[in-house]
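Notes to accompany the following structure.
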Amino acid sequence: MPRIGIIGGSGVYELLKESIARVITTPYGDVEVFVGWVGDEEVAFIPRHGKKHTIPPFAVNYRGNLYALNLLGVERVIATNAVGSLREDLEPGTLIVPDDFIDMTKGRVYTFYDGKTSLRVRGMEIKGVVHVSMTPSTYCPEIRNALLEAGSKEGLQVKDGGVYVCAEGNRFETPAEIRAYRLMGGDIVGMTGCPEAALARELSICYATLAVVTNYAAGIKGDKKLTHEEVKEIFSSRIKQVKDIILKSIPLLPKERKCPCKDALMGAVATA
Ligand SMILES: [Zn+2]
């Protein structure tokens with residue numbers, strides 16, 4: 001049973017050298033998961049946008065992906081995201097492990113616990129209303145540490161911390177939106193980090209992400225038109241590093257979880 005899952009964002013459509021495709025049936029539809037090995041650790045991989053980048057951010061099956069990983073026994077998810085920078089000092093090409101997020105999406109499904117669906121999480125049957133906490137750590141501290149340590153072992157600069165703002169998309173943000181996100185305390189902006197991170201917490205799955213800054217967000221440096229081509233180009237230049245850091249972070253993860261994520265459902269079920 002894989003205990004570790006990876007959700008690859010833009011540019012990361014394959015990761016494991018040899019893997020077997022499995023179709024997992026979930027209450028949210030069938031999900032294709034690629035299962036392989038990293039050293040002696042069995043790992044499950046899902047390309048978030050599909051193998052050929054055909055799924056736009058709003059249409060990603062966030063619940064299906066995470067529930068499929070939960071059914072496989074995954075306890076930790078390492079994700080990647082391509083992001084725009086809200087700060088001049090976070091240049092395109094920067095690798096960053098955010099430590100918090102602001103969810104500005106507006107048309108997604110934000111919870112597994114709709115009061116109707118019966119779910120199986122770590123051997124428990126849960127149905128009803130659940131309010132998980134995003135404190136003390138929005139992202140899993142153990143995965144964040146492993147990513148940062150893997151980066152430094154590879155001799156790569158990886159920025160520790162930053163606030164990820166998730167925009168709805170599909171269009172890129174307006175300059176006024178970017179000014180607002182900056183005032184709110186955002187450092188980077190993307191379209192796929194939410195509700196993924198919170199849904200993982202709802203299944204008491206540890207979750208953290210390695211983000212790649214692919215461009216300055218609107219109005220941060222000049223008013224040049226932003227193209228997806230440009231985003232892809234910067235991402236491709238960092239893709240090997242992203243894959244290396246993720247793969248090298250896996251053996252650095254403690255075998256037993258000591259982080260609070262594993263207890264996310266304790267005291268969170270509101271239904272009487
Ligand atoms: Zn954790």
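Just follow the structure's listing: the first ligand is 1, and inside any ligand the first atom is 1. One is the number of the first residue; the rest follow in order along the sequence. Heavy-atom basis, side chains included; hydrogens, waters and symmetry copies ignored.
Met104 belongs to a hydrophobic cluster whose remaining members, ordered by chain and number, are Leu86, Ile102, Val163, Val165, Ile178, Tyr181, Met184, Val189, Tyr216, Ile220; membership requires side-chain heavy atoms of ILVMFWY residues under 4.5 Å apart, directly or through intermediates. Other residues sharing a hydrophobic cluster with Val109 under the 4.5 Å side-chain heavy-atom criterion for ILVMFWY residues do not exist; the residue is a singleton. Here Tyr13 is tied to no hydrophobic group at all, with no ILVMFWY side chain closer than 4.5 Å.
The closest donor-acceptor contact from the side chain of Asp244 to the backbone of Ala150 lies at 3.5 Å or more, if one exists at all.
Side-chain contact of Glu196 with Tyr207: a donor-acceptor pair under 3.5 Å is present, judged by distance alone.
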### Task
Take Thr105 and Tyr110, measure what side-chain hydrogen bond (donor to acceptor under 3.5 Å, both in side chains) needs, and give me the verdict at the end.
CA-CA 10 Å; Thr105 63; Tyr110 300 96; 3.0 Å; yes

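Among protein atoms, those of element N, O or S found less than 2.8 Å away from the Zn ion (ligand 1) are Cys140 SG, Cys206 SG, Cys259 SG, Cys261 SG.
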